[in-house]
Amino acid sequence: MSEILKINDLWGGYQEGVDILRGISLEVRQGEAVGIIGLNGSGKSTLGKAIMNMIPFRKGEITFDGEDITALNTNELFRRGISIMQQGGKVFPNLSVWDNLQLATQGKNVQCSMFNVQLAEVIPLLQSSKRELQRQMADKLSGGQKHQLSLAMTLSAHPRLAILDEPSAGLSPKAVEEMYQMLRAIREKTGIAIILIEQNIAKAVEFCERSLLLQQGKLAYEFTEEKMNLSVIENKMFNE
C-alpha cells in the first residue's frame with residue numbers, strides 16, 4: 001500500500017514557544033488503521049489537531065497524497081479528504097440530528113451522502129426516517145448516540161483519511177463495543193485510512209495494524225501486529 005499521509009519533524013503546541021509535539025514523524029498508508037496511544041498529556045489529541053491545522057506548529061511538514069498541505073486551513077483539508085472526530089463526540093446541541101449532518105456535508109444532499117458511503121447501514125442512529133432525524137434534537141441524544149452522530153458527521157463527506165480522537169471516551173462498555181463494530185464495518189465498506197487516537201489501549205491494539213506510543217510529545221515506540229502485546233505496551237507506557 002502506498003502512503004496517503006506523511007508527517008516529517010513536526011513541532012508545535014497551543015502557545016508560541018511551548019512545544020507539546022516534539023519532532024513527530026510518521027506515515028499512514030492507504031486503507032491502514034494506525035493507533036496513537038499514550039498517557040494523558042502525551043500529545044495524542046494535539047497531534048490530531050495539528051494535522052488538521054487547528055493549532056499552530058512552528059516546524060515540520062505534512063503531505064497528503066504527495067502534496068504539501070502544511071499551510072492549508074482546516075476547511076481546505078476537509079475538502080481535500082481529511083476529517084476529524086473530536087474527543088467527546090462533539091455535535092451542535094441546539095440543532096437537530098439532520099441539521100448537524102447538513103452542516104457536516106457543507107450543504108450537500110445529506111441522504112445522498114449517507115447512502116453513497118452506506119453509513120445508514122452501519123450507524124443505527126441514521127436508520128430513522130428523515131422526518132425523525134429532523135425532529136430529534138442533538139442535545140436529547142444519549143452519549144452513545146452523540147458519538148454515533150459525531151462519527152456520521154466525520155464520515156459524511158467521504159474522507160479518505162479520518163482522525164478519530166478518543167471515539168470510546170465516556171461510553172459504557174456496551175456502547176464501546178457498538179462503536180468499534182461500526183468502525184470495523186465502515187473500514188470494510190469504504191477502505192478508509194484511520195488515525196485512531198485512543199486511551200483504551202486494548203481497543204487500539206485490537207483494531208489497528210500498527211500502534212505508535214507517544215511519550216512527552218515524542219514517538220517513543222512503534223508496535224506492529226506481530227508485536228502488539230498488551231502487557232508489553234502497558235509496561236512501556238507506565239514503567240519507562
Side-chain angles (χ1 to χ4, degrees), residues 1 4 28-38 44-45 48 81-91 97-98 100-101 104-105 110-130 132-133 136 138 140-212 223-226 228-230 233-234:
M1 292 183 293
I4 189 170
V28 179
R29 294 183 286 272
Q30 292 182 8
E32 183 182 31
V34 177
I36 306 296
I37 58 177
K44 302 188 303 297
S45 294
I82 311 174
S83 58
I84 185 169
M85 176 182 175
Q86 295 194 60
Q87 187 175 1
K90 290 185 178 179
V91 299
V97 171
W98 187 265
N100 270 273
L101 292 166
T105 56
V110 173
Q111 218 161 17
C112 177
S113 179
M114 287 193 297
F115 289 135
N116 282 347
V117 189
Q118 300 174 300
L119 294 183
E121 294 182 12
V122 296
I123 299 181
L125 181 67
L126 304 185
Q127 293 165 9
S128 301
S129 67
K130 176 180 177 179
E132 289 172 333
L133 295 176
Q136 178 68 71
K140 302 301 183 184
L141 298 175
S142 69
Q145 288 175 323
K146 287 179 181 175
H147 277 65
Q148 289 183 37
L149 176 55
S150 183
L151 178 63
M153 293 168 67
T154 302
L155 300 175
S156 59
H158 314 282
R160 296 179 59 212
L161 170 67
I163 302 166
L164 308 179
D165 190 354
E166 303 276 8
S168 68
L171 296 181
S172 68
K174 180 181 178 182
V176 171
E177 290 303 320
E178 290 173 348
M179 171 60 68
Y180 275 91
Q181 286 175 9
M182 288 184 282
L183 293 179
R184 284 189 288 271
I186 286 163
R187 284 194 73 194
E188 289 175 4
K189 288 178 178 294
T190 66
I192 190 174
I194 291 175
I195 295 177
L196 177 69
I197 299 167
E198 185 57 275
Q199 190 75 14
N200 188 327
I201 308 167
K203 284 300 176 189
V205 167
E206 178 186 335
F207 184 75
C208 297
E209 286 86 1
R210 294 184 291 138
S211 286
L212 307 175
F223 303 95
T224 60
E225 275 187 298
E226 297 79 15
M228 282 203 293
N229 181 286
L230 191 57
I233 294 174
E234 290 177 338

message: Would E206 and R184 count as a side chain to side chain contact (heavy atoms under 4.5 Å, CB included) here? Give the steps.
response: CA-CA 11 Å; E206 178 186 335; R184 284 189 288 271; 3.3 Å; yes
- prompt: Do the non-hydrogen side-chain atoms of T190 and L155 ever get within less than 4.5 Å of each other?
  reply: no
- line: Checking E198, H147, Q199, K203 against S168 for side chain to side chain donor-acceptor pair (under 3.5 Å), the one that qualifies is E198
- prompt: Heavy-atom distance under 4.5 Å between the side chains of L141 and L125, does that happen here?
  reply: yes
- prompt: Hey, does the side chain of S150 reach the backbone of K146 with a donor-acceptor pair shorter than 3.5 angstrom?
  reply: no
query: From L119 CG over to K189 NZ, what is the distance, rounded to the nearest 0.5 angstrom?
result: 10.0 Å
- line: On a heavy-atom basis, the closest approach of Q127 and V122 is NE2-N, 4.4 Å
message: Could you measure the distance from the NE2 atom of H158 to the OG atom of S83? Nearest 0.5 Å is fine.
response: 11.0 Å
- prompt: So which heavy atom on L183 is nearest to which on P167, and how close?
  reply: CD1-CG, 4.5 Å
- line: d(L161 CG, I195 CD1) to nearest 0.5 Å is 5.0 Å
task: Give a yes or no answer on whether the side chain of E32 reaches the backbone of A193 with a donor-acceptor pair at less than 3.5 Å.
output: no
statement: Shortest non-hydrogen pair, R187 vs G31, comes out as NH2-O, 2.8 Å
query: Is there side-chain contact between I186 and L151, with at least one heavy-atom pair below 4.5 Å?
result: yes
- prompt: Hey, what do you get for CG (L212) to CD1 (I197), rounding to the nearest 0.5 Å?
  reply: 11.0 Å
Check against salt bridge (Lys or Arg N to Asp or Glu O under 4.0 Å), E209 and R29: CA-CA 11 Å; E209 286 86 1; R29 294 183 286 272; over 6 Å; no
Distance-only polar pair, side chains of E166 and S45, donor-acceptor under 3.5 Å: no
query: Between P124 and M182, what is the shortest heavy-atom contact and its length?
result: CD-SD, 3.7 Å
- prompt: Does the side chain of K140 reach to within under 4.5 Å of the side chain of Q145, using non-hydrogen atoms?
  reply: no
field: Minimum heavy-atom distance between S156 and M153, given as atom pair plus value
entry: OG-O, 3.1 Å
query: Can you find a pair of side-chain heavy atoms, one from L101 and one from L149, that are under 4.5 Å apart?
result: yes
- prompt: Quick one: does L196's side chain get under 4.5 Å of Y180's, heavy atoms only?
  reply: yes
- line: What one should report as the nearest heavy-atom pair of P159 and I192 is O-CD1, 3.4 Å
Point-to-point distance, once rounded to the nearest 0.5 Å, from CD1 of I201 to CZ of F223: 9.5 Å
